[in-house]
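These numbers come from a predicted model, not from an experiment. Side chains are part of it too, since the values below use all heavy atoms of this structure and drop only hydrogens, waters and symmetry mates. First listed ligand is number 1; within each ligand, the first listed atom is number 1.
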Amino acid sequence: MSTILDRLAELMESRKLANGGDPATSYVSKLYAKGDDAILKKIGEEATETVMAAKDARVSGEADKVLYEVADLWFHTLVLLAQFDLKPQQVLDELARREGVSGIEEKNSRKD
Ligand SMILES: N=c1c2ncn([C@@H]3O[C@H](COP(=O)(O)OP(=O)(O)OP(=O)(O)O)[C@@H](O)[C@H]3O)c2ncn1[C@@H]1O[C@H](COP(=O)(O)O)[C@@H](O)[C@H]1O
């Protein structure tokens, strides 16, 4: 069964200009037409908006905005992954590979 991440990854492929994506009708195709810098700029913006939403949520007590900003951030990282012909499953596999390895232990092992 395909997950939303798999479906979005397929959609990213279909939105590439080489696959017929149309920047006039598709936000994703428009990003691909603009290239790496436009995609990276959006990721930077969405990361900053996530930070600001989290700071605001500590004051207002409303965490919903954090959720929306993280969704925007994840979405734009999916655009980036497809730009490099990478799949969300590869990120999930990497997280699975790290499962159970303490971040502190991993960091210390790098110093050896
Ligand atoms: N999940 C999303 C999604 N999340 C966020 N966004 C867009 O990401 C942008 C976020 O930018 P901002 O919050 O900074 O808002 P903005 O000021 O309007 O953005 P800019 O003008 O700076 O680009 C908005 O244009 C959102 O509409 C998304 N656009 C598309 N999708 C998915 O991608 C599919 C294909 O979209 P198209 O390629 O446009 O057909 C859609 O059916 C959805 O499933």
Side-chain angles (χ1 to χ4, degrees):
M1 194 172 62
S2 80
T3 66
I4 181 66
L5 290 179
D6 295 328
R7 293 196 296 278
L8 282 171
E10 269 182 38
L11 180 131
M12 299 300 159
E13 287 308 313
S14 73
R15 292 300 198 249
K16 289 182 177 177
L17 308 194
N19 296 329
D22 179 2
T25 56
S26 158
Y27 173 75
V28 176
S29 298
K30 202 168 161 186
L31 278 178
Y32 286 135
K34 289 181 179 171
D36 282 0
D37 284 356
I39 298 168
L40 297 174
K41 184 165 173 274
K42 283 308 295 182
I43 290 177
E45 282 174 20
E46 300 304 345
T48 303
E49 284 169 21
T50 300
V51 171
M52 284 160 46
K55 297 295 276 184
D56 287 350
R58 280 287 172 232
V59 178
S60 69
E62 291 167 17
D64 285 12
K65 188 89 196 301
V66 176
L67 200 141
Y68 302 138
E69 295 303 342
V70 170
D72 279 350
L73 179 58
W74 284 21
F75 173 74
H76 286 89
T77 60
L78 293 176
V79 176
L80 180 69
L81 285 176
Q83 175 81 332
F84 284 87
D85 296 323
L86 296 167
K87 300 281 178 232
Q89 186 58 50
Q90 290 173 272
V91 178
L92 298 180
D93 291 346
E94 175 59 18
L95 289 173
R97 188 188 67 76
R98 295 179 191 180
E99 200 173 12
V101 178
S102 151
I104 291 173
E105 267 175 42
E106 188 277 330
K107 192 165 184 172
N108 287 341
S109 74
R110 278 191 254 153
K111 289 176 187 153
D112 296 337

Novice: Does some side-chain heavy atom of Q89 sit less than 4.5 Å from a side-chain heavy atom of L5?
Specialist: no

Novice: Using the salt bridge (charged side-chain N to carboxylate O under 4.0 Å, His left out) rule, take D93 and K87 through it: C-alpha gap first, then chi angles, then the decisive distance, then the call.
Specialist: CA-CA 10 Å; D93 291 346; K87 300 281 178 232; over 6 Å; no

Novice: Provide the number and element of each atom of ligand 1 under 4.0 Å from a heavy atom of D72.
Specialist: 4 (N), 5 (C), 13 (O)

Novice: Among all the protein's heavy atoms, is there at least one whose distance to atom 18 (O) of ligand 1 comes out below 4.0 Å?
Specialist: no

Novice: Filter on salt bridge (Lys or Arg N to Asp or Glu O under 4.0 Å), then keep only pairs touching residues 60-84, sequence neighbours left out; what's left?
Specialist: K65-E69

Novice: Same hydrophobic cluster for W74 and M12, using side-chain heavy-atom links shorter than 4.5 Å among ILVMFWY?
Specialist: no

Novice: Quick one: list whatever passes ring-ring contact (aromatic ring centres under 6.0 Å, His included) with Y27, sequence neighbours left out.
Specialist: H76

Novice: How far is atom 38 (O) of ligand 1 from the closest protein heavy atom, and which atom is that?
Specialist: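 Checked against all protein heavy atoms, atom 38 (O) of ligand 1 sits closest to S26 OG, 2.5 Å.
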
Novice: Evaluate V28 for polar contact with ligand 1, using N/O atom pairs at a separation under 3.5 Å.
Specialist: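 Indeed, backbone or side chain, V28 has an N or O that close.
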
Novice: Does atom 43 (C) of ligand 1 have a protein heavy-atom neighbour under 4.0 Å away?
Specialist: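 For atom 43 (C) of ligand 1 the answer is no, since every protein heavy atom stays at 4.0 Å or beyond.
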
Novice: Evaluate the side-chain proximity of K16 to D85: yes if any heavy-atom separation is below 4.5 Å, no if none is.
Specialist: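 The answer is yes, as the side chains (C-beta and beyond) meet within the 4.5 Å cut-off.
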
Novice: Quick test of your reading of the model: are R7 and E10 salt-bridged, counting only N-O distances below 4.0 Å?
Specialist: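 No, R7 and E10 are not salt-bridged.
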
Novice: Any N or O on T25 sitting closer than 3.5 Å to an N or O of ligand 1?
Specialist: no

Novice: Give the numbers and elements of all ligand 1 atoms closer than 4.0 Å to a heavy atom of E46.
Specialist: 10 (C), 11 (O), 12 (P), 13 (O), 14 (O)

Novice: Is it true that a side-chain atom of Y32 and a backbone atom of E13 form a donor plus acceptor pair closer than 3.5 Å?
Specialist: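 Not a single qualifying donor-acceptor pair exists.
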
Novice: Given E69, K42, K30, H76, identify the one with the heavy atom nearest to atom 22 (O) of ligand 1.
Specialist: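 Heavy atom nearest to atom 22 (O) of ligand 1 belongs to K42.
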
Novice: Looking at atom 26 (C) of ligand 1, tell me if a protein heavy atom falls under 4.0 Å from it.
Specialist: no

Novice: Got a protein heavy atom sitting under 4.0 Å from atom 13 (O) of ligand 1?
Specialist: yes

Novice: Measure the NZ-OG1 distance between K30 and T25 for me, rounded to the nearest 0.5 Å.
Specialist: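 Result: 11.0 Å between the selected atoms.
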
Novice: For atom 40 (O) of ligand 1, which protein heavy atom lies nearest, and how many Å away is it?
Specialist: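 Checked against all protein heavy atoms, atom 40 (O) of ligand 1 sits closest to R15 NH2, 2.8 Å.
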
Novice: For atom 34 (C) of ligand 1, what's the nearest protein heavy atom and its distance?
Specialist: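 Nearest neighbour among protein heavy atoms for atom 34 (C) of ligand 1, to 0.1 Å: L11 CD2, 3.7 Å.
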
Novice: Note the single closest protein heavy atom to atom 30 (C) of ligand 1, along with its residue, its atom name and the distance in Å.
Specialist: F75 CZ, 3.2 Å

Novice: For ligand 1, which is the ligand I care about here, please tell me if Y27 has any N or O atom under 3.5 Å from one of the ligand's N or O atoms.
Specialist: yes

